[in-house]
There are 2 protein chains.
Amino acid sequence: MATPELKKLFGQRHCDECVLHPLCKPPLVGIEEIERLSGSVLARRPLERDSVLFRAGEPTRSVFISQNGSFKTVAINEAGDEQVIGFYFPGELIGLEGLGDGKFRADAVALELAHVCEVPLPALERVAGQRADFQRQMMRAMGEGMARHQDHLEMLGRKQAQERLAMFLHGLSERQGRLGRDPLQLHLAMSRSDIGSYLSLVIETVSRGLSKMQDEGIIAVKGRHLRVLSPQRLQALAHGDEA
Amino acid sequence: MATPELKKLFGQRHCDECVLHPLCKPPLVGIEEIERLSGSVLARRPLERDSVLFRAGEPTRSVFISQNGSFKTVAINEAGDEQVIGFYFPGELIGLEGLGDGKFRADAVALELAHVCEVPLPALERVAGQRADFQRQMMRAMGEGMARHQDHLEMLGRKQAQERLAMFLHGLSERQGRLGRDPLQLHLAMSRSDIGSYLSLVIETVSRGLSKMQDEGIIAVKGRHLRVLSPQRLQALAHGDEA
DNA sequence: CGATGGCTTGATACTGGTCAATATGGGTGG
DNA sequence: CCACCCATATTGACCAGTATCAAGCCATCG
């Protein structure tokens, strides 16, 4: 849907994939509105694996959308230990937490080669002020962000490691599906230790959990490639229906 | 600061305390803007303890601000078990999660007698569309909501029950202070089991943890009244600095 | 005054964290 | 192109912390 003009204005390549996100979904913002901020909306160079998109504490001047490539956000507490707070896939807004007090609350790190689109806040606010529908989309995007956090909280609320893992995989699968890809074929862009940090489990427990699911014939794992063999049983596990 | 006119327009009583929140803080929105939506912004009757402000699944037509009295939000998963997702104190926006897909994601329940101010979404959007500063405040409020979720995530990330509890109390203390009250004098509006659910601990562990802190002279607890005796040690505990 | 719900305290079992050894595999340099 | 190497992941043995089960306490309310 990304029209040639839209592509040109937003920067360049890959916006076709970005269509997924409400922000980019036409006819959200007409060309003429985009025009008005074309000076400030700019595309970004590719970010390679492990490179940092923004750091906790930095003033929030923009939010970001990955066009392709996934990210993690990592919070570092005063004790110095890291915790993975979220994973972001193409089309999802990154950095919304920073809108609270104007500073990012976590580091954002590319999990693989990625291309992000940077949206400066002034531009965001300007368009939002002029287009009620766009403003609603922004709210919606933030609401979705909060909803994802809530899902994460519910994951951590489950006491059984196996259930958390199952919820995690199930969630990945869903998101994968929404991206139009095969929901049963997961490429884990993140390391085991990222997963562990995200689920508040040590890496050994993650590993054991995956092995167990594999033994039970629910999934097939090989390194960072994972195939869901029985979505039903995976979901059941996620809901704590069985051991 | 709530001028008499403002009071009248918004409904009535207690808006003085609401001043705490950016949304209500003048001169955020001028009287004339308020005027335009005075028809739709309305105050609410008191809600007594345990009464439900909204339920998960209901369409989000409004968000709410408690003028006095605290709330909890409770998510119920498909397995049927409840989990406390958040606590809300006067001046904090409740229901923002609903902006994502237009449905509330959790039940909101009054922990004590409360008075809430209901802000219909159309009104919110209308003013936001007209006043850039108000719109920014909304974003800020949502950002704060996400930040609170992140704090919660960091709490659940700590593996030691004692640390989680300490973080929780420390957080309460801070919020209490921000409300202008004595940060060392906490009235726990929520039950032990609410705390347990929030921290993903069973009620016995919460109880034991509080008792232990009391034995160590960090706090003094009596039922739902709690006094922080040593804020430093509490904070140290929260950061995992010692056992 | 008894009953009820919320909280505390105790004893035991089990899950997951810790420590340690081994395996795997992607990348680099010869 | 192969071999080595280091980072990442898996597996095992053990132990600590918290859930579980159970009993008793305390306060409030009818």
Side-chain angles (χ1 to χ4, degrees), chain A residues 48-50 72 81-84 109 111-113 155-169 186-216 219-226 237 240 242-243, chain B residues 48-50 72 81-84 109 111-113 155-169 186-216 219-226 237 240 242-243:
Chain A
E48 45 189 280
R49 189 168 193 269
D50 287 333
K72 65 176 174 185
D81 25 41
E82 302 188 346
Q83 184 181 357
V84 173
V109 181
L111 291 171
E112 56 198 334
L113 179 61
M155 256 180 248
L156 294 184
R158 312 230 121 262
K159 299 208 175 68
Q160 300 299 313
Q162 207 70 329
E163 294 182 30
R164 285 193 220 166
L165 257 177
M167 288 186 80
F168 175 68
L169 295 181
L186 305 182
H187 290 278
L188 306 176
M190 67 294 288
S191 70
R192 297 290 192 271
S193 102
D194 285 335
I195 298 174
S197 174
Y198 184 74
L199 295 178
S200 191
L201 298 171
V202 295
I203 180 176
E204 293 95 326
T205 305
V206 173
S207 191
R208 273 187 256 270
L210 292 176
S211 300
K212 185 138 178 269
M213 285 191 214
Q214 177 158 251
D215 291 346
E216 291 168 347
I219 60 174
V221 238
K222 181 157 170 75
R224 297 198 172 186
H225 184 259
L226 190 151
L237 236 186
E242 54 172 322
Chain B
E48 46 189 279
R49 188 165 193 268
D50 287 333
K72 65 177 174 184
D81 27 42
E82 303 189 344
Q83 183 181 357
V84 173
V109 181
L111 291 170
E112 56 198 335
L113 178 62
M155 257 180 247
L156 294 183
R158 315 229 118 262
K159 299 209 175 66
Q160 300 299 313
Q162 206 70 330
E163 295 181 30
R164 286 192 218 166
L165 257 177
M167 288 187 80
F168 175 68
L169 294 180
L186 306 183
H187 290 277
L188 306 176
M190 67 294 289
S191 70
R192 298 290 194 272
S193 102
D194 285 334
I195 298 175
S197 174
Y198 184 74
L199 296 178
S200 191
L201 298 171
V202 294
I203 179 175
E204 293 95 325
T205 306
V206 173
S207 190
R208 274 187 254 270
L210 292 175
S211 299
K212 185 141 180 268
M213 285 190 211
Q214 177 158 250
D215 291 347
E216 290 169 348
I219 61 175
V221 238
K222 182 158 169 72
R224 297 198 173 185
H225 184 258
L226 189 151
L237 236 187
E242 54 173 320

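Chain identifiers are assigned alphabetically (A, B, ...) following the order of the sequence lines, protein sequences preceding nucleic acid strands; residue numbering begins at 1 within each chain. Model, not experiment: these values are computed from the prediction.
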Using a 4.0 Å cut-off on protein heavy atoms (strictly under), produce a 5'-to-3' string for nucleotides 7-12 of chain C with B for base contact, S for backbone-only sugar-phosphate contact, and - for none.
SBBBB-
N/O (side chain, B:Lys159) to phosphate O (OP1/OP2, C:dT18) under 4.0 Å:
no
On DNA chain D, nearest-nucleotide positions of B:Lys222 versus B:Ser200: which is more 5'?
B:Ser200
Spacing of A:Leu156 atom CG relative to C:dG16 atom P, expressed in whole Å:
14 Å
Run the numbers on A:Met190 and A:Val84 for side chain to side chain contact (heavy atoms under 4.5 Å, CB included), then give the verdict.
CA-CA 10 Å; A:Met190 67 294 288; A:Val84 173; over 6 Å; no
Picking from B:Met155, B:Met167, B:Arg158, what satisfies side chain to side chain contact (heavy atoms under 4.5 Å, CB included) with B:Leu199?
B:Met155
Nearest-Å distance for atom pair CG/P, residues B:Asp50 and C:dG6
9 Å
Give the C-alpha distance, both sets of side-chain angles, the deciding distance and a yes or no for side chain to side chain contact (heavy atoms under 4.5 Å, CB included) between A:Arg192 and A:Leu210.
CA-CA 10 Å; A:Arg192 297 290 192 271; A:Leu210 292 176; 3.5 Å; yes
Quick one: pull up CG in A:Leu201 and CD in A:Gln160 and give me the separation to the nearest 0.5 Å.
10.5 Å
For A:Arg158 and C:dT15, give me the distance from atom CZ to atom C1', rounded to whole Å.
16 Å
Name all pairs fulfilling the side-chain hydrogen bond (donor to acceptor under 3.5 Å, both in side chains) condition that reach into residues 194-209 of chain B, sequence neighbours left out, sorted by first residue then second.
B:Lys72-B:Asp194, B:Ser191-B:Asp194
Under-4.0 Å side-chain N/O to phosphate OP1/OP2 contact, B:Gln160 with D:dT18
yes
Rounded distance in Å - CD (B:Gln162) to P (D:dA16):
18 Å
Check: B:Glu112 side chain, B:Ala189 main-chain N or O, donor-acceptor pair, under 3.5 Å:
no
Point-to-point distance, once rounded to the nearest 0.5 Å, from CG of A:Leu111 to CZ of A:Arg49
8.0 Å
To the nearest 10 degrees, the angle between the two end axes of the helix from C:dC1-D:dG30 to C:dG30-D:dC1 (five pairs per end) comes to 40°
Give the intermediate values and the outcome of side chain to side chain contact (heavy atoms under 4.5 Å, CB included) for residues B:Leu169 and B:Met213.
CA-CA 11 Å; B:Leu169 294 180; B:Met213 285 190 211; 4.0 Å; yes
Backbone N/O of A:His187 and side chain of A:Arg224: donor-acceptor pair under 3.5 Å
no
Atom pair distance, as rounded to whole Å: NE2 in A:His225 and P in C:dG26
13 Å
